[in-house]
Amino acid sequence: MLERKDVLSIPYLKKATFTGSYEGLRFRFSLIKKELLEESGEGKGKEINCLELTAWEGPYGFDATPEEEKLRMETEFSEEGIGQGIAWLNKLWEQEPERWAAAKNNWQKKY
């Protein structure tokens with residue numbers, strides 16, 4: 001199971017994307033900026049930081065995997081958000097451990 005110590009710090013994530021894997025479950029943590037869209041018009045143009053998590057079957061990397069095979073989740077860019085992302089990844093793995101375990105050695109995929 002993934003733990004908080006397995007993911008790099010907030011200062012690192014502000015500057016770079018973090019990728020990793022756990023037993024065939026590949027993942028990516030990245031900072032994305034989202035524009036605030038308020039109905040009143042106030043705050044329009046302001047941006048907030050969000051944390052985007054992407055998960056996909058190994059063994060291939062992010063760029064070599066088709067978009068339709070990636071799962072995504074967004075959360076707040078904070079320690080709490082990182083914890084939510086780790087919990088989401090662990091839940092994905094727990095729901096289908098055979099899928100992820102088989103994926104880590106599946107070099108036969110052709111993209």
Side-chain angles (χ1 to χ4, degrees):
M1 301 300 291
L2 292 169
E3 298 178 17
R4 175 61 186 97
K5 66 180 178 64
D6 298 322
V7 179
L8 293 177
S9 67
I10 291 280
Y12 178 90
L13 292 172
K14 284 183 180 178
K15 297 178 182 180
T17 297
F18 174 73
T19 60
S21 66
Y22 177 77
E23 298 293 321
L25 170 65
R26 301 280 315 208
F27 58 86
R28 178 179 184 228
F29 285 72
S30 60
L31 167 69
I32 58 171
K33 301 219 180 246
K34 295 197 113 181
E35 185 176 344
L36 284 176
L37 300 174
E38 296 182 18
E39 290 182 24
S40 66
E42 293 179 29
K44 190 172 181 169
K46 290 184 181 179
E47 290 184 334
I48 59 169
N49 291 339
C50 293
L51 184 62
E52 181 183 67
L53 282 88
T54 309
W56 66 96
E57 287 183 15
Y60 298 106
F62 181 82
D63 292 333
T65 303
E67 284 300 313
E68 61 271 9
E69 294 191 20
K70 296 174 185 172
L71 304 170
R72 295 186 191 275
M73 176 224 184
E74 285 183 19
T75 187
E76 65 184 56
F77 189 81
S78 65
E79 283 297 326
E80 185 177 326
I82 292 172
Q84 291 169 353
I86 291 168
W88 177 72
L89 291 169
N90 285 333
K91 184 177 178 182
L92 286 176
W93 198 88
E94 288 171 354
Q95 289 173 342
E96 299 181 275
E98 298 84 16
R99 170 189 178 189
W100 304 112
K104 69 181 173 181
N105 294 317
N106 190 2
W107 293 98
Q108 302 303 315
K109 288 183 184 178
K110 299 205 182 200
Y111 293 127

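The first residue of the sequence shown is numbered 1, and numbering continues consecutively from there.
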- request: For the pair Leu31 and Leu13, evaluate side-chain contact (heavy atoms from CB on, under 4.5 Å) and give the outcome as yes or no after the intermediate values.
  value: CA-CA 6 Å; Leu31 167 69; Leu13 292 172; 5.7 Å; no

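Residues meeting the side chain to side chain donor-acceptor pair (under 3.5 Å) test with Ser30, sequence neighbours left out: none. Residues passing the side chain to side chain donor-acceptor pair (under 3.5 Å) test with Lys14: none are found, sequence neighbours excluded. Partners of Asn49 according to the side chain to side chain donor-acceptor pair (under 3.5 Å) rule, which considers only residues two or more places apart in sequence or in another chain, are Lys33. Every residue was checked against the side chain to side chain donor-acceptor pair (under 3.5 Å) condition with Glu94, not counting sequence neighbours, and none meets it.
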Can you list, pair by pair, the side-chain donor-acceptor contacts under 3.5 Å of residues 80-89, counting residues two or more places apart and other chains?
unit_1, atom_1, unit_2, atom_2, d
Glu80, OE2, Gln84, NE2, 3.3
Gln84, OE1, Thr75, OG1, 2.4

Donor-acceptor list for residues 15-24 side chains, cut-off 3.5 Å, not counting sequence neighbours:
unit_1, atom_1, unit_2, atom_2, d
Tyr22, OH, Met1, N, 2.6
Glu23, OE1, Lys104, NZ, 2.8

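Side-chain contact check for Glu69 versus Trp56: every heavy-atom pair is 4.5 Å or farther apart.
Of all heavy-atom pairs between Gly58 and Arg26, the closest is CA-CG, 3.5 Å.
Phe62 and Leu71 sit in two unconnected hydrophobic clusters of ILVMFWY residues. Membership requires side-chain heavy atoms under 4.5 Å apart, directly or through other members. Both Leu2 and Ile10 belong to a single network of hydrophobic side chains, linked directly or stepwise wherever heavy atoms of I, L, V, M, F, W or Y lie under 4.5 Å apart. Using a 4.5 Å cut-off between side-chain heavy atoms of Ile, Leu, Val, Met, Phe, Trp and Tyr, with links allowed through other members, Phe77 and Ile32 fall into different hydrophobic clusters.
Atoms CZ and CG, from Phe29 and Leu51 in turn, are 6.5 Å apart once rounded to the nearest 0.5 Å. One finds the CD atom of Glu3 at 8.5 Å from the CG atom of Asn90 (value rounded to the nearest 0.5 Å). Rounded to the nearest 0.5 Å, atoms CG (Leu25) and CD (Glu57) are 9.5 Å apart.
For Lys70, the NZ atom is densely surrounded, since the number of other residues' heavy atoms within 6.0 Å is greater than 12.
Using a distance-only test at 3.5 Å, with no hydrogens or angles considered, a donor-acceptor pair links the side chain of Trp100 to the main chain of Leu92.
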